[in-house]
Amino acid sequence: MNSQKVLVTGGAGYIGAHTTIELVLAGMEPIIADDLSRSNRILVEGIEKIVGRKILFYQINCKDPAQLREVFQRHPDITSVIHFAAFKSVNESVQNPLLYYQNNIGSLLSLLQIMKEFSTTRLIFSSSCTVYGQPDEIPVTEEAPFKRAESAYGASKQMCERILEDEVKAWRALKVISLRYFNPIGAHPSGLVGELPIGVPSNLVPFITQTAIGKREKLTVFGTDYSTPDGSCLRDFIHVVDLARAHVSALQKIDKLSNRCEAINLGTGIPVSVLELVKTFMKLTGTALNYSIGPRREGDIEKVYANPEKAFQLLNWKTKLSIEDALRDAWNWEQKLNHAAY
């Protein structure tokens with residue numbers, strides 16, 4: 001099982017790049033497919049420096065079945081796919097919902113079509129805790145019903161999971177694990193791979209590090225009147241390396257699961273507020289952050305964090321790295337980026 005070839009769509013992106021590293025370390029053979037519209041080739045170069053060898057890379061758009069087919073024709077022995085290729089900004093999806101439905105759903109439909117043509121039957125799907133909307137109970141278990149999504153991004157992930165549930169019923173050989181991420185942060189400890197936003201960051205930690213290093217004038221904390229201990233949103237921040245390792249565990253366990261379509265939360269189970277994260281960064285790095293309080297942002301959930309027990313039971317996986325590790329690694333990555341002047 002460990003010599004399997006794994007197609008990693010969106011593998012030049014933030015989570016995809018870290019997962020590609022972990023696949024190599026586990027003895028697997030990753031093949032990256034990415035159109036570089038939301039990522040950068042320097043992450044592929046960073047992967048190669050870390051693992052000490054070249055990685056097969058195809059610059060293709062995963063919405064296009066013909067381009068995907070060509071990759072499978074070149075590598076008919078692909079046994080599994082990890083599907084990251086999706087747009088992921090909650091805020092952007094509120095402003096441009098059609099873009100998100102076309103890209104996120106379209107790429108999955110094309111991928112399933114080509115996987116079926118080549119009888120590739122294992123799929124790890126990159127999902128999100130946004131599928132839960134604002135849950136009735138926290139910590140959130142996988143049994144929580146989908147509430148109406150607060151954004152087109154969240155809705156696109158809900159729809160993709162529904163598509164997968166339906167396809168598993170129709171295509172009896174297909175096996176799917178949908179990994180519902182909470183809030184990935186951090187970078188590879190080497191400082192060679194990390195989060196590389198295009199333009200203004202939509203995620204909190206790169207905005208923090210860019211403000212700390214002077215790329216951004218100030219950080220805005222959106223909303224401090226929520227029903228939380230300090231009034232800011234509560235999140236479940238998970239180190240991206242822990243998250244990446246969960247994908248390897250999912251591939252190793254997928255054939256042993258009794259359900260052919262399984263959804264699994266990936267989080268720490270520890271709620272941390274936005275303000276708490278900002279203050280932890282300042283204390284950890286000794287860097288003063290210019291931040292201000294702004295109004296609530298459309299599409300944001302008040303509080304959400306995981307019950308991660310199912311991941312431990314089914315994948316034998318749990319987080320090992322701390323918030324401090326993640327912030328330290330993110331800051332190291334930002335400083336190296338700044339030094340290299342990318």
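The first residue of the sequence shown is numbered 1, and numbering continues consecutively from there.
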**Q** Verify the cluster assignment for I32 and L196: are they in a single hydrophobic cluster under the rule of side-chain heavy atoms below 4.5 Å apart?
**A** yes
**Q** For F281 and W331, take the angle between the two ring planes, folded into 0 to 90°, and tell me which bin it lands in: parallel under 30, tilted 30 to 60, perpendicular over 60.
**A** perpendicular
**Q** If you apply the rule side chain to side chain donor-acceptor pair (under 3.5 Å), what do you find for T141 with N307, and how did you get there?
**A** CA-CA 5 Å; T141 72; N307 179 331; over 6 Å; no
**Q** Could you check if a side-chain atom of L315 sits within less than 4.5 angstrom of a side-chain atom of I264, using non-hydrogen atoms only?
**A** yes
**Q** Is the cationic atom of R235 (NZ for Lys, CZ for Arg) positioned less than 6.0 Å from the six-membered ring centroid of F182 and within 45 degrees of its normal?
**A** no
**Q** Grab the two heavy atoms, one from G269 and one from Y305, that are nearest each other, plus how far apart they are.
**A** O-CD1, 3.8 Å
**Q** Are L314 and L174 connected in the hydrophobic side-chain network, where two residues link if heavy atoms are under 4.5 Å apart?
**A** no
**Q** Mind checking the SG-CG spacing from C62 to N104? Nearest 0.5 Å is all I need.
**A** 11.5 Å
**Q** Is any side-chain heavy atom of N265 closer than 4.5 Å to a side-chain heavy atom of Y132?
**A** yes
**Q** Is it the case that the side chain of S110 and the backbone of S107 share a donor-acceptor pair, with hydrogens and angles ignored and the cut-off at 3.5 Å?
**A** no
**Q** Got more than 12 heavy atoms from elsewhere within 6.0 Å of CZ, R148?
**A** no
**Q** Are the side chains of F222 and T224 in contact, using a 4.5 Å heavy-atom criterion?
**A** no
**Q** Roughly how far, to the nearest 0.5 Å, is OG of S93 from CG of L98?
**A** 11.5 Å
**Q** Evaluate the criterion side-chain contact (heavy atoms from CB on, under 4.5 Å) for residue pair R180 and E161; output intermediate values, then yes/no.
**A** CA-CA 10 Å; R180 296 173 180 166; E161 285 205 32; 2.7 Å; yes
**Q** Any Lys/Arg nitrogen of K147 or D136 sitting under 4.0 Å from an Asp/Glu carboxylate oxygen of the other?
**A** yes
**Q** Does I323 belong to the same Ile/Leu/Val/Met/Phe/Trp/Tyr cluster as Y181, with side-chain heavy atoms less than 4.5 Å apart forming each link?
**A** no
**Q** Using a 3.5 Å distance criterion without hydrogens, assess whether the side chain of S127 forms a donor-acceptor pair with backbone atoms of S178.
**A** no
**Q** Measure the shortest side-chain to side-chain distance between V6 and V81 over non-hydrogen atoms and say whether it is less than 4.5 angstrom.
**A** no
**Q** Could you give the distance from CD1 (I177) to CD1 (I124), rounded to the nearest 0.5 Å?
**A** 4.0 Å
**Q** Hey, are E262 and K310 close enough for a salt bridge, meaning a charged N less than 4.0 Å from a carboxylate O?
**A** yes
**Q** Testing the basics here: between L68 and L7, what is the closest heavy-atom pair and its distance to 0.1 Å?
**A** CD2-CD2, 4.3 Å
**Q** Between E70 and R74, is there a salt bridge with N-O shorter than 4.0 Å?
**A** yes
**Q** Salt bridge between E167 and R162, side-chain N to carboxylate O under 4.0 Å?
**A** no
**Q** Salt bridge check, K54 against E29: does any charged N sit closer than 4.0 Å to a carboxylate O?
**A** no
**Q** I need the minimum non-hydrogen distance between Y291 and M282, along with the two atoms involved.
**A** CE2-CE, 3.8 Å
**Q** Tell me the closest heavy-atom pair linking I301 and E150, and the distance in Å.
**A** CD1-CG, 3.1 Å
**Q** Against the six-membered ring of Y226, is R296 placed for a cation-pi contact (under 6.0 Å from the centre, within 45° of the normal)?
**A** yes
**Q** Any luck finding a side-chain donor-acceptor pair between N91 and S202 under 3.5 Å?
**A** no
**Q** N61 side chain to K63 main-chain N or O, any donor-acceptor pair under 3.5 Å?
**A** yes
**Q** Of V274, L204, L275, which is the lone residue that meets side chain to side chain contact (heavy atoms under 4.5 Å, CB included) with C233?
**A** V274
**Q** If every non-hydrogen atom of S151 is compared with every non-hydrogen atom of V94, which pair is closest and at what distance?
**A** CB-CG2, 4.0 Å
**Q** With a 4.5 Å limit on heavy-atom distance, are the side chains of R245 and V248 in contact?
**A** no
**Q** Would you sort out whether I238 and N183 count as a side-chain contact (heavy atoms from CB on, under 4.5 Å), showing the intermediate values?
**A** CA-CA 6 Å; I238 173 175; N183 296 84; 5.5 Å; no
**Q** Taking all non-hydrogen atoms of both residues, which atom of D242 and which atom of K320 are closest, and how far apart?
**A** OD2-N, 3.0 Å
**Q** Any chance you could lay out the salt bridge (Lys or Arg N to Asp or Glu O under 4.0 Å) test for K318 and E309, step after step, and finish with the verdict?
**A** CA-CA 8 Å; K318 60 182 175 182; E309 287 177 20; over 6 Å; no
**Q** Quick one: do K175 and D255 make a salt bridge, cutoff under 4.0 Å?
**A** yes
**Q** Are any side-chain N or O atoms of D34 and backbone N or O atoms of A12, one a donor and one an acceptor, separated by less than 3.5 Å?
**A** yes
**Q** So I293 and T220, side-chain contact (heavy atoms from CB on, under 4.5 Å) or not? Walk me through it.
**A** CA-CA 6 Å; I293 306 305; T220 302; over 6 Å; no
**Q** Report yes or no: do V168 and I82 belong to one cluster of Ile/Leu/Val/Met/Phe/Trp/Tyr joined by side chain heavy-atom distances under 4.5 Å?
**A** no
**Q** Are the aromatic rings of H75 and Y58 close, with centres under 6.0 Å apart?
**A** yes
**Q** Can you measure from CG (L123) to CG (L111) and round to the nearest 0.5 angstrom?
**A** 6.0 Å
**Q** With side chains defined as the heavy atoms from C-beta onward, is the minimum distance between L99 and F87 less than 4.5 Å?
**A** yes
**Q** From Q95 CD over to Y100 OH, what is the distance, rounded to the nearest 0.5 angstrom?
**A** 10.5 Å
**Q** Indicate yes or no for a side-chain donor-acceptor contact from D325 to the backbone of S322 under 3.5 Å, with no hydrogens or angles considered.
**A** yes
**Q** Is atom CD of Q134 surrounded by more than 12 heavy atoms (other residues, nucleotides or ligands) closer than 6.0 Å?
**A** yes
**Q** So does S126 get a backbone contact from the side chain of H83, meaning a donor-acceptor N/O pair under 3.5 Å?
**A** no
**Q** Please determine whether side-chain contact (heavy atoms from CB on, under 4.5 Å) holds for the pair L109 and I105, giving the CA-CA distance in whole Å, both sets of side-chain angles, and the decisive distance to 0.1 Å.
**A** CA-CA 6 Å; L109 294 175; I105 297 168; 4.0 Å; yes
**Q** Between H247 and F84, what is the ring plane arrangement, given parallel below 30°, perpendicular above 60°, and tilted in between?
**A** tilted
**Q** Using the rule side-chain hydrogen bond (donor to acceptor under 3.5 Å, both in side chains), only one of R216, E217, E334, K215 pairs with Q210; which is it?
**A** R216
**Q** Taking T268's backbone N and O only, do any of them form a donor-acceptor pair with D236's side chain (distance below 3.5 Å, no angle check)?
**A** yes
**Q** Counting N and O atoms only, with roles assigned by atom type, does the side chain of W333 sit under 3.5 Å from a partner on the main chain of G186, one being a donor and the other an acceptor?
**A** no
**Q** Are any side-chain N or O atoms of R260 and backbone N or O atoms of R172, one a donor and one an acceptor, separated by less than 3.5 Å?
**A** yes
**Q** Taking the side chain as every heavy atom from C-beta outward, state whether I270 and F237 have any pair of such atoms under 4.5 Å apart.
**A** no
**Q** Determine whether a donor-acceptor pair (N or O, by modelled atom type, separation under 3.5 Å) exists between the side chain of Q59 and the backbone of L36.
**A** no
**Q** Given side chains that start at C-beta, do those of I60 and D35 come closer than 4.5 Å, heavy atoms only?
**A** no
**Q** Between D64 and R69, does any NZ, NE, NH1 or NH2 come within less than 4.0 Å of an OD or OE carboxylate oxygen?
**A** no
**Q** Please answer: with hydrophobic residues joined when any side-chain heavy atoms are less than 4.5 Å apart, are V272 and L289 in the same cluster?
**A** yes
**Q** Apply side chain to side chain donor-acceptor pair (under 3.5 Å) to residues H239 and D329 and explain how you reach the verdict.
**A** CA-CA 9 Å; H239 198 302; D329 291 337; 2.8 Å; yes
